[in-house]
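All of these numbers come straight from a predicted model, not from anything done at the bench. Whatever order the structure lists them in is the order used to number ligands and atoms, beginning at 1.
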Amino acid sequence: MRIIMFGPPGVGKGTQAKLLSEEFGVPHISTGDMLRAAVAAGTALGKKAKSIMDAGRLVPDDVMIGIVREVLTSPKVQNGFILDGFPRTVDQAKALATLFDELHIRNYKVINFHVDNAEIIRRLGSRLMCVNDGNIYNKLTDGVTAESPCPECGGKLIQRDDDKEETVRKRLEIYHSTTKPVLEFYKERGVIVQLDGMTSIESVHEEIKQLVGA
Ligand code: AMP
């Protein structure tokens, strides 16, 4: 299973990647989660990334490509991977293609999530993250509120700075100007499958399994 989850923020890429990862034992590689872990740990990368992320902008390509290269060349991805949040620019997609060539990776699919803008803003506006384990919950579907403890570890649930409405709008703008053109790159390679992300978490999960033949 080699999958790239593609689409704007808030379409369910992380949720679906996690479900697939649990069911098939394939690592979920989320560049956003890796950056948030670096911010929480106060590393040099975290210090550099924090203000960029809070503003809804993109961390520089060379940094992101370096991070992804390190993970994809490690033994833990031998049996596959689910990439979530990368590539986000055409240069990242080109660097990933070079890396795939080096690693002799030919079979992979790009799942293109479709969710309309109003629904994205609604979902992101009601999303909460645990400060401890980084798990994401949604007030609309998970029965949590900003006052509840994390259902898994009891940690505090907060709204991510980049899920505030103004930042969401910025992230969507950057998606349309900078990330969406990546689809052209993959169209030429014939690796895209289209996914309707507007239905329930369970039915989207089933649809993905059909699309990738899992
Ligand atoms: P995500 O959790 O995937 O929405 O990512 C959160 C934030 O991390 C993004 O808004 C960016 O600031 C940063 N980020 C994550 N992945 C990338 C990437 N591939 N390229 C640039 N910035 C990224």
Side-chain angles (χ1 to χ4, degrees), residues 3-21 27-41 43-72 81-100 108 110-113 115 117 119-131 133-138 157-183 185-186 197:
I3 297 177
I4 298 171
M5 300 296 212
F6 194 89
V11 291
K13 302 187 299 291
T15 302
Q16 295 298 334
K18 198 167 168 232
L19 287 175
L20 284 177
S21 166
H28 170 200
I29 301 165
S30 156
T31 46
D33 284 352
M34 290 162 83
L35 291 171
R36 280 183 289 279
V39 170
T43 64
L45 167 66
K47 286 189 179 119
K48 186 171 176 182
K50 182 163 181 5
S51 57
I52 299 175
M53 293 169 76
D54 286 352
R57 304 173 64 85
L58 296 181
V59 172
D61 283 342
D62 57 337
V63 175
M64 298 313 302
I65 291 164
I67 293 175
V68 169
R69 169 173 279 275
E70 200 175 314
V71 187
L72 289 187
F81 51 79
I82 303 158
L83 258 182
D84 162 20
F86 187 97
R88 260 178 157 100
T89 66
V90 172
D91 281 348
Q92 290 181 13
K94 286 181 180 162
L96 187 62
T98 305
L99 185 57
F100 281 180
Y108 63 95
V110 175
I111 302 182
N112 185 25
F113 284 62
V115 173
N117 262 5
E119 175 67 9
I120 289 175
I121 290 171
R122 195 175 80 98
R123 287 186 191 177
L124 290 180
S126 47
R127 193 156 90 158
L128 294 169
M129 184 186 75
C130 172
V131 291
D133 59 22
N135 274 334
I136 298 281
Y137 300 97
N138 200 298
L157 298 182
I158 55 155
Q159 185 179 45
R160 272 167 51 176
D161 281 333
D162 62 348
D163 280 348
K164 308 233 157 89
E165 189 168 335
E166 209 176 298
T167 315
V168 166
R169 290 191 190 281
K170 181 78 196 159
R171 288 163 70 198
L172 286 173
E173 204 181 292
I174 291 181
Y175 171 77
H176 286 286
S177 65
T178 312
T179 305
K180 208 170 168 198
V182 171
L183 282 175
F185 182 86
Y186 287 122

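Atom 15 (C) of ligand 1 has its closest protein heavy atom at R88 NH1, 3.3 Å. Protein heavy atom in closest approach to atom 6 (C) of ligand 1: R36 NH1, 3.5 Å. Taking atom 20 (N) of ligand 1 as the reference point, the nearest protein heavy-atom neighbour is Q92 NE2, 3.0 Å.
Residues N138 and S126 have side chains that bring a donor and an acceptor to within less than 3.5 angstrom of each other.
In this structure, D161 does not pair ionically with R36, as no charged nitrogen and carboxylate oxygen lie closer than 4.0 Å.
For the pair T31 and ligand 1, the shortest N or O to N or O distance falls below 3.5 Å. The shortest N or O to N or O distance between G85 and ligand 1 is under 3.5 Å. Ligand 1 has a nitrogen or oxygen under 3.5 angstrom from a nitrogen or oxygen of R171. For V59, a nitrogen or oxygen atom sits less than 3.5 Å from a nitrogen or oxygen atom of ligand 1, counting backbone and side chain alike.
Only the backbone of R57 comes within contact range of ligand 1, with a heavy atom under 4.0 Å; no side-chain atom does. Under 4.0 Å from ligand 1, the heavy atoms of R160 that appear belong solely to its side chain. At a heavy-atom distance under 4.0 Å, only side-chain atoms of L35, from C-beta outward, approach ligand 1. Contacts of M53 with ligand 1, taken as heavy-atom pairs under 4.0 Å, involve both backbone and side chain.
Side-chain N or O atoms of K170 include none that pairs as donor or acceptor with a backbone N or O of A55 at under 3.5 Å. Between the side chain of T179 and the backbone N or O of R88 there is at least one donor-acceptor pair closer than 3.5 Å. A donor-acceptor pair is defined here as one N or O able to donate and one able to accept, closer than 3.5 Å; no such pair exists between the side chain of K50 and the backbone of L35.
Contact between M34 and ligand 1 is absent, with no heavy atom of the residue lying under 4.0 Å from the ligand.
Listed by chain and number, the residues in a side chain to side chain donor-acceptor pair (under 3.5 Å) with E119 are R122, R123 (sequence neighbours excluded). R169 pairs by the side chain to side chain donor-acceptor pair (under 3.5 Å) definition with E165, not counting sequence neighbours.
Among V182, I65, L83, the one residue that satisfies the side-chain contact (heavy atoms from CB on, under 4.5 Å) test with L96 is L83.
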